[in-house]
Amino acid sequence: MNAVSGAIGFVARVGLAIVWLWSGTAKLLAPLDSERAIGAYEIVPASWVPPLAVALPAFELVLGLMLLAGVFLRAAGVVSAVVLAGFIVGVASAWARGLSIDCGCFGGGGYDADAGPSSYLTTMGRDALFLAMAAWTAWRPFGKFAIRP
C-alpha cells in the first residue's frame with residue numbers, strides 16, 4: 001500500500017469510526033429522541049420503533065469500536081456501507097413521500113416543518129461521503145495498528 005492509499009485508508013477508517021461512535025452515543029443518550037426520529041420515517045411498524053431506538057445506536061457503537069480497534073475491518077466496512085446505503089434510501093423515501101423530518105442521524109430528529117430539498121440533499125450527500133469511506137475501508141483497509149484486520 002503506497003503512502004497516499006494508506007493515508008486515505010487511515011482517514012476513512014478513523015473518520016468512519018468517529019462518525020459511528022458520535023452518532024451511536026448521541027442516540028443512546030437520548031432514547032426518546034431516537035424513537036421519535038425512527039418513527040418519523042414511517043417505514044417500520046410502531047411496535048418496532050422502541051427496540052430499534054436501542055438496537056441501532058448500540059450497533060453503531062459496535063461498528064465504531066471495531067473500526068477504531070481494527071477488528072475485522074473489511075467486514076466492518078461492508079456492514080457500514082450497507083447501513084449507510086439504507087440510511088440514504090430512508091431519507092430519500094421520506095423526501096419522496098413528502099414527509100418533513102430531521103434525519104436524527106446525530107441525535108434529535110423527528111418531524112421538522114423546516115425540512116426541505118436542501119436538508120435532504122445535504123443529509124444524503126454527507127451519508128454518501130460516509131458510504132465512500134466505508135467502501136474504501138472494505139476495499140483497502142488501513143491495517144496498521146489493527147488488532148485483526
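Nothing here was measured: the structure is a model prediction, and the numbers come from that model. When reading the values below, keep in mind they use all heavy atoms of this one structure, side chains included, and skip hydrogens, waters and symmetry mates.
Applying the ring-ring contact (aromatic ring centres under 6.0 Å, His included) criterion to W22, with sequence neighbours excluded, gives F106. A search for ring-ring contact (aromatic ring centres under 6.0 Å, His included) contacts involving F59 returns nothing, not counting sequence neighbours. Remark: Y111 engages no residue in a ring-ring contact (aromatic ring centres under 6.0 Å, His included) (not counting sequence neighbours).
Nearest heavy atom pair, residue T25 against residue L21, reads OG1-O, 2.7 Å. Shown here for A37 and G108, the closest heavy-atom pair between the two residues is CB-O, 3.4 Å. What you find for A115 and Y120 is that their closest heavy atoms are CB-OH, 3.9 Å. Between A53 and P31 the shortest heavy-atom distance is CB-O, 4.1 Å. R74 approaches R140 most closely through the heavy-atom pair NH1-N, 4.3 Å.
Proximity of W136 to S5: side-chain heavy atoms (C-beta onward) are separated by under 4.5 Å at one or more points. Side-chain contact between T137 and F142 is absent, with no heavy-atom pair separated by less than 4.5 Å.
A single hydrophobic cluster is not seen to contain both L61 and I38; linkage of ILVMFWY side chains at heavy-atom distances under 4.5 Å, directly or through other members, places them apart. Both V91 and I43 sit in one connected hydrophobic cluster of ILVMFWY residues. Membership requires side-chain heavy atoms under 4.5 Å apart, directly or through other members. Clustering ILVMFWY residues whenever any of their side-chain heavy atoms sit less than 4.5 angstrom apart, transitively, puts W139 in the very cluster that holds I8. Residues F72 and V62 fall within the same hydrophobic cluster, defined by Ile, Leu, Val, Met, Phe, Trp and Tyr side chains chained together at heavy-atom separations under 4.5 Å. Put simply, F130 and L121 are part of the same group of oily side chains (I, L, V, M, F, W, Y) that touch within less than 4.5 Å, one to the next.
Atom CD1 of I101 sits about 13.5 Å away from atom CG of D114, to the nearest 0.5 Å. In this structure, the separation between OG1 on T123 and CH2 on W95 is 10.5 Å, given to the nearest 0.5 Å. Between the CG atom of L73 and the CD1 atom of I147 there is a distance of 10.0 Å, given to the nearest 0.5 Å.
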Can you list, pair by pair, the side-chain donor-acceptor contacts under 3.5 Å of residues 63-70, counting residues two or more places apart and other chains?
none

Quiz: residues 75-88 side-chain donor-acceptor pairs under 3.5 angstrom, not counting sequence neighbours:
from: S80; atom 1: OG; to: W20; atom 2: NE1; distance (Å): 2.9
from: S80; atom 1: OG; to: A76; atom 2: O; distance (Å): 2.7

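Applying the salt bridge (charged side-chain N to carboxylate O under 4.0 Å, His left out) test to pairs two or more places apart or on separate chains, none has a residue in residues 41-53. Pairs passing the salt bridge (charged side-chain N to carboxylate O under 4.0 Å, His left out) check and including a residue from residues 12-40, sequence neighbours excluded, read K27-E60, D33-R36. Applying the side-chain hydrogen bond (donor to acceptor under 3.5 Å, both in side chains) test to every pair with at least one member in residues 44-58, sequence neighbours left out, gives no pairs at all. Residue pairs meeting the salt bridge (charged side-chain N to carboxylate O under 4.0 Å, His left out) criterion with at least one member in residues 117-138, sequence neighbours excluded, do not occur. Residue pairs meeting the disulfide (SG to SG under 2.5 Å) criterion with at least one partner in residues 92-130, sequence neighbours excluded, are C103-C105. Contacts classified as salt bridge (charged side-chain N to carboxylate O under 4.0 Å, His left out) and involving residues 88-105 (residues at least two apart or in different chains) are not found. Every pair tested for disulfide (SG to SG under 2.5 Å) that includes a residue from residues 52-92 fails, sequence neighbours excluded, so the list is empty.
With S93 contributing its side chain and V89 its backbone, the two residues share no donor-acceptor pair below 3.5 Å.
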